[in-house]
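Working notes for the structure below.
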Number of protein chains: 2
Amino acid sequence: MSQPSQVPTTRRAAVDPKECSITGTLAAIGDRWSVLVLRELFYGVRRFNDIQHDLGISRSVLTDRLARLVEIGVARTEPYQEPGDRVRQQYRLTRKGVRLLPVLVGLMEWGDEFLSNGDPPVVLEERDSGEQVRLELRSTSGALVAPHQIVTRARRRRVD
Amino acid sequence: MSQPSQVPTTRRAAVDPKECSITGTLAAIGDRWSVLVLRELFYGVRRFNDIQHDLGISRSVLTDRLARLVEIGVARTEPYQEPGDRVRQQYRLTRKGVRLLPVLVGLMEWGDEFLSNGDPPVVLEERDSGEQVRLELRSTSGALVAPHQIVTRARRRRVD
DNA sequence: GGTCTGAGTTCGACGTACGAACTGAGGGGC
DNA sequence: GCCCCTCAGTTCGTACGTCGAACTCAGACC
C-alpha cells in the first residue's frame, strides 16, 4: 500500500461521523455556555440571577440555554417561594442531566492536570465517606485501561 | 434563613467560577469544532483533507482549530510522505491530547444512552483483550460512586 | 511546460452572541 | 392607592465567528 517513512497512514475514520454519539451529544449541549450552565446546576446554583451573576453570561443567552436544557430534558423547572415573595421558578438537573456529570468531571480533571499544575481548585467527594472521586476508564473485567490502549469499533456498518 | 415550601435554596456556588478547571478547559478546547477534530484524531484520522471531508468543516475553520490544538500542546504535526509525493504534515495527538479521551468517552456514553437508546454506534475496546471499555466514577477506595452521591468542595478559598 | 494533489489562505455574506436597556408581575412600605 | 423593589425574561443594535467558494502554493509526474 504505502509506507514511505514509517507512518501507519490511516486515511479515513473507521466510523461514520454521523453515527457517532459524540456528534449528537455536542449538538444537544455542546456549546460553551450550556456546559457552564450545567456546571452551575451541578454546583447547586438554581436561580436565573445567580447563574447569570456567576457566569457573567448575557441574560438573553441564559434564557435561551435554560429553555434548551429543559426542552431536551436535561434540566427542569421547579417552583420555589421566598418568605415574603411570590412564587418563582428555579432550575434543577434531571436524571438525564446528572448523567452528564462524567463529562464535566473529565473537563475538570484535565484542567486540574494541565492548567492548574495538578493543584485542583475544586475536588469531588463522595457525600457519605468524604473520599475523593475520580474518573476511570475500565474494561468489563474491572481492570484499569490506559487511554492509548483503547481502540474504536463501529457496531452498525462501516463507512465507504 | 428561608425555607418556604421545602426547597434547599442554594443561592450561590460554593466555588468561584473563575477558579474552576472546567472554565479553563472549555477556554482551551470548548468549542464544537475543536472537540470534533479531537474525535477525528482519536479515530486515527490525521490528514487535513480527510478531517475536513469527515466533518464537513470549512477549511478556514479547520486550519484555525488545528493550529490552536497544536499551540496548546494537544496535537502535534508530524511529517509523512506518500511514495511518489512530497513530504507533507499530518496531525497526531500528544499525551496531553490523549488525556482528553475521558471527556470524549463521556460525551459518547451519554449520547449512546439518551440519543441512541442504548444501542451504541461505536464501542470502545481494550486493544489487547478486546473487552469493552467504560467510564466510571470511583472513590479512592475503589468503590463505584453514583453521580448524585457526589459533592464539590473548594480547595483554595471560598467565594464571598 | 502543463497538470495533479494536498494543504492551506482569502473574501464577502450570513448567523449567532454580545451587553445594555427595557418590560412585566407580584409583594411590601407608607 | 401609589411608589418602589426584586427576579425573570425580552428586545435591540452591534460585533464577532462561521460558512462555502474560489484562489494560492509547492512539489512530483508526464
Side-chain angles (χ1 to χ4, degrees), chain A residues 1-2 4-5 7 9-13 17 23 26-37 40-41 45-71 75-92, chain B residues 1-2 4-5 7 9-12 23 26-37 40-41 45-71 75-92:
Chain A
M1 210 105 308
S2 63
S5 45
V7 180
T9 305
T10 306
R11 290 188 52 89
R12 191 62 51 80
T23 308
L26 286 178
I29 53 100
D31 68 283
R32 188 177 154 67
W33 286 128
S34 292
V35 177
L36 287 172
V37 170
E40 289 295 298
L41 296 179
V45 184
R46 295 174 184 161
R47 301 183 185 180
F48 189 93
N49 275 8
D50 291 337
I51 298 172
Q52 197 259 323
H53 173 270
D54 279 356
L55 298 183
I57 186 177
S58 85
R59 307 178 73 75
S60 53
V61 175
L62 179 55
T63 299
D64 179 80
R65 290 305 182 279
L66 285 170
R68 179 173 190 77
L69 292 177
V70 169
E71 186 188 347
R76 63 189 157 85
T77 56
E78 180 179 276
Y80 77 97
Q81 188 167 25
E82 289 289 334
D85 214 344
R86 66 168 164 147
V87 174
R88 300 180 191 280
Q89 297 295 319
Q90 63 182 353
Y91 295 86
R92 303 194 62 172
Chain B
M1 207 103 314
S2 63
S5 44
V7 181
T9 305
T10 306
R11 288 189 52 88
R12 191 59 53 79
T23 308
L26 287 177
I29 54 99
D31 69 283
R32 187 177 156 66
W33 285 129
S34 291
V35 177
L36 288 172
V37 170
E40 289 295 298
L41 297 179
V45 184
R46 295 174 185 161
R47 301 183 185 180
F48 189 93
N49 276 8
D50 291 336
I51 298 173
Q52 197 259 325
H53 173 269
D54 280 354
L55 298 183
I57 185 176
S58 85
R59 306 178 73 77
S60 52
V61 174
L62 179 55
T63 299
D64 179 81
R65 291 305 182 279
L66 285 171
R68 180 173 191 75
L69 293 177
V70 170
E71 186 188 346
R76 63 190 158 84
T77 56
E78 180 178 275
Y80 76 96
Q81 188 168 23
E82 288 289 335
D85 214 345
R86 66 169 165 149
V87 173
R88 299 179 192 280
Q89 297 296 317
Q90 62 183 355
Y91 295 86
R92 303 195 62 172

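Chain naming here is simple, since letters A, B, ... match the order of the sequence lines and numbering starts at 1 in each. Small disclaimer: the values here were computed from a predicted structure and weren't measured.
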Atom pair distance, as rounded to whole Å: CZ in B/F48 and P in C/dT9
8 Å

Quick one: B/H53 NE2 to C/dG6 P, roughly how many Å, whole number?
12 Å

What residues form a side-chain contact (heavy atoms from CB on, under 4.5 Å) with A/S58, not counting sequence neighbours?
A/S60, A/V61

Rounding to a whole Å, what distance do you find between A/Q90:CD and D/dA8:P?
9 Å

Over how many whole Å does the gap from B/D64 atom CG to D/dC19 atom C1' extend?
14 Å

Which residues pass the side-chain contact (heavy atoms from CB on, under 4.5 Å) test with B/D85, not counting sequence neighbours?
B/E82, B/R88

Could you check if a side-chain atom of A/V87 sits within less than 4.5 angstrom of a side-chain atom of A/Y80, using non-hydrogen atoms only?
no

Return the set of residues passing side-chain contact (heavy atoms from CB on, under 4.5 Å) with A/T63 (not counting sequence neighbours), or none when no residue passes.
A/F48

Correct closest heavy-atom pair for B/T77 and B/Q89 would be CB-OE1, 3.3 Å

By salt bridge (charged side-chain N to carboxylate O under 4.0 Å, His left out) - contacts of B/R32 (at least two apart):
none

Are B/D31 and B/R65 side-chain neighbours, meaning at least one heavy-atom pair lies under 4.5 Å?
yes

In whole angstroms, how far is the C1' atom of C/dG8 from the CD1 atom of B/I51?
13 Å

Taking only residues two or more places apart in sequence or in another chain, which ones pass side-chain hydrogen bond (donor to acceptor under 3.5 Å, both in side chains) with B/N49?
B/R59

Look at the side-chain N and O atoms of B/Y91 and state whether any lies under 4.0 Å from the OP1 or OP2 oxygen of C/dG8.
yes

Go along nucleotides 22-30 of chain C 5' to 3' and tag each nucleotide: B for a protein heavy atom under 4.0 Å from its base, S when only backbone or sugar atoms are that close, - otherwise.
--BBSSS--

B/S/- along nucleotides 11-16 of chain C (protein heavy atoms under 4.0 Å) is ------

If you pin A/G56 and B/L66 to their nearest nucleotides in DNA chain C, which one's is more 5'?
B/L66

How close do B/L41 and B/R46 get, counting heavy atoms only, and between which atoms?
CD2-CA, 4.4 Å

Partner of A/D50 under side chain to side chain contact (heavy atoms under 4.5 Å, CB included), chosen from A/R47, A/H53, A/Q52
A/R47

Between C1' of C/dG19 and CD1 of A/I57, the distance in whole Å:
12 Å

Sub-4.5 Å side-chain heavy-atom contact between B/I57 and B/L36
no

When A/T63 and B/W33 are each assigned the nearest nucleotide of DNA chain D, the 5'-most assignment goes to A/T63

Calculate the interatomic distance between A/L55 atom CG and C/dG19 atom P; express it in whole Å.
11 Å

Looking at side-chain heavy atoms only, is the closest gap between B/L62 and B/I51 below 4.5 Å?
yes

Mind listing the N/O atom pairs, protein and nucleotides 13-15 of chain D, below 3.5 Å?
none

Taken to the nearest whole Å, CG/A/L62 to C1'/C/dG19 is 14 Å

Over all strands shown, is B/Q52 touching base, sugar-phosphate only, or nothing at heavy-atom distances under 4.0 angstrom?
nothing

